[in-house]
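Order of the sequence lines sets the chain letters (A, B, ...), proteins ahead of strands, with each chain counted from 1.
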Protein chains: 2
Amino acid sequence: MTGRRSPSPDAGPARRTPQRRAIRRAFETAGRPLAPEECLARARREVPRLGLATVYRNIRRLVAEGSLRTVELPGAPARYELPRAGHHHHFHCRACDGVFEVDDCPGGFGALAPGGFRLEGHEVILYGLCAGCAP
Amino acid sequence: MTGRRSPSPDAGPARRTPQRRAIRRAFETAGRPLAPEECLARARREVPRLGLATVYRNIRRLVAEGSLRTVELPGAPARYELPRAGHHHHFHCRACDGVFEVDDCPGGFGALAPGGFRLEGHEVILYGLCAGCAP
DNA sequence: TTGGATGCAAACGCTTTGCATAATT
DNA sequence: AATTATGCAAAGCGTTTGCATCCAA
């Protein structure tokens, strides 16, 4: 046996708490990837005393469980989204800072990698103005 | 007139210091984008007492001058590279964490943006193993 | 009752800034 | 001599962790 009990991490089966419900609901109702702070703001509508640390802990757990997926962005805090069907990318609005799903992928990356490099994956991020911010 | 003298920022014409020389040389000899810490390590070979803050300040100034370009990456500290000719993207090695230039671009992003969105730019990051790390 | 979950605050890693000192022009 | 540049340490920002308390099972 390990001999050393888990330090404090949320290891066992998840318990049903109002915080968890509110956090999960924030993602379900957003319809787009959320940053932790955005998730906090939304979830606080249900649980006003909710703390940011709780949001981070739950996001981490949901990601580990596969109920949430991490969306890493260049030069911006990560967003988190509910897992969707196919391979897709994201659009980052320069005005409202919102992130939106983009269903498709141009493909054709195989030829880009320099000789001797092994290509294992890719990321595409589109920038501009979302429908709500475009004039 | 402004009436208030510059707070402390490096505003005037750049002076020639050994630190600056070493920092610029770090990028010139690297042949690939560098993170601030990588730049520090390289520049310290010439100026051992060089401080990290000095590296950050000089990088910021070089970027403002256009002598250096920022390479932002998802979930990783930004790199900085000497400005090259055409539009290009980057390859991020999962093993050594190094970043390398990729000369081409697949294009074809125009069709991806959702309806009503205004596409203004894009970023592509390739992942895998660089020539030095590939088996 | 009991171990996981929460909230608050402190700690962290990366980056920026304040300030006294060192160095360039 | 006048100022900018440097180095160090402290502050900021987003994220994680420690800990006493709270609560679901």
Side-chain angles (χ1 to χ4, degrees), chain A residues 2 4-24 26 33-41 43-44 46-65 67-68 70-80 92 97 99, chain B residues 2 4-26 33-41 43-44 46-65 67-68 70-80 97 99:
Chain A
T2 76
R4 137 179 117 76
R5 71 178 158 185
S6 45
S8 85
D10 325 67
R15 289 181 174 178
R16 279 157 219 305
T17 69
Q19 288 84 347
R20 261 176 201 167
R21 259 187 291 278
I23 289 169
R24 183 170 280 137
L34 296 181
E37 295 275 8
E38 293 178 301
C39 172
L40 176 67
R44 272 188 172 161
E46 291 182 45
V47 182
R49 299 191 46 81
L50 179 62
L52 184 54
T54 297
V55 170
Y56 274 103
R57 278 187 285 238
N58 278 282
I59 285 178
R60 191 180 338 138
R61 164 170 228 145
L62 290 167
V63 168
E65 288 174 2
S67 313
L68 216 49
T70 304
V71 178
E72 312 221 66
L73 302 163
R79 308 303 207 271
Y80 300 88
H92 190 168
D97 203 40
V99 173
Chain B
T2 75
R4 130 181 121 76
R5 72 180 156 183
S6 45
S8 86
D10 325 68
R15 288 181 175 177
R16 279 154 219 306
T17 68
Q19 289 85 344
R20 264 179 198 163
R21 260 187 291 278
I23 289 168
R24 184 170 279 135
R25 194 137 35 216
L34 297 181
E37 294 276 9
E38 293 177 302
C39 172
L40 176 68
R44 272 188 171 159
E46 292 181 46
V47 183
R49 299 189 47 78
L50 179 61
L52 183 55
T54 297
V55 171
Y56 274 103
R57 277 187 286 239
N58 277 283
I59 286 178
R60 190 178 341 134
R61 165 169 226 143
L62 290 166
V63 169
E65 288 174 2
S67 312
L68 216 50
T70 304
V71 179
E72 311 221 67
L73 303 163
R79 308 304 207 268
Y80 301 87
D97 203 40
V99 173

If the condition is side-chain contact (heavy atoms from CB on, under 4.5 Å), which residues does B:Pro18 pass it with, not counting sequence neighbours?
B:Arg21, B:Val47
Between CD1 of B:Ile23 and P of D:dG7 the distance, given in whole Å, is 8 Å
Across nucleotides 8-13 of chain C, 5' to 3', mark each nucleotide with B, S or - according to how protein heavy atoms within less than 4.0 Å reach it.
B-----
note: B:Arg60, atom CZ; D:dT4, atom C1'; distance rounded to Å ~ 15 Å
How many Å lie between CG on A:Asn58 and P on C:dA5, as a whole number?
8 Å
By side-chain contact (heavy atoms from CB on, under 4.5 Å), A:Ala14 pairs with (sequence neighbours left out) A:Arg20, A:Arg61, A:Glu65
Could you write nucleotides 20-25 of chain D as a row of B, S and -, 5' to 3', where a protein heavy atom under 4.0 Å of any base atom gives B, of only sugar-phosphate atoms gives S, and otherwise -?
---BBS
Does B:Arg15 have any side chain to side chain donor-acceptor pair (under 3.5 Å) partners at least two apart in sequence or in another chain, and if so, which?
none
For B:Ala41, give me all partners under side-chain contact (heavy atoms from CB on, under 4.5 Å), at least two apart in sequence or on another chain.
none
Check whether any side-chain N or O of A:Gln19 sits under 4.0 Å from OP1 or OP2 of C:dG7, and answer yes or no.
yes
Sorted by chain and number, sequence neighbours left out, side chain to side chain donor-acceptor pair (under 3.5 Å) with A:Glu72 holds for none
Length of the CZ-P vector between B:Arg61 and C:dT16, whole Å:
15 Å
Atom CD of B:Glu46 to atom C1' of D:dT6: distance rounded to whole Å?
17 Å
Using whole Å, report how far CD of B:Glu38 lies from P of C:dC14.
12 Å
If you count heavy atoms of other groups shown closer than 6.0 angstrom to CZ of B:Arg24, is the number above 12?
no
Without decimals, in angstroms, what is the distance between B:Leu52 CG and D:dG12 P?
19 Å
B:Arg25: salt bridge (Lys or Arg N to Asp or Glu O under 4.0 Å) partners, not counting sequence neighbours
B:Glu46
From CG of B:Leu73 over to P of C:dC14, roughly how many Å is that when rounded to an integer?
14 Å
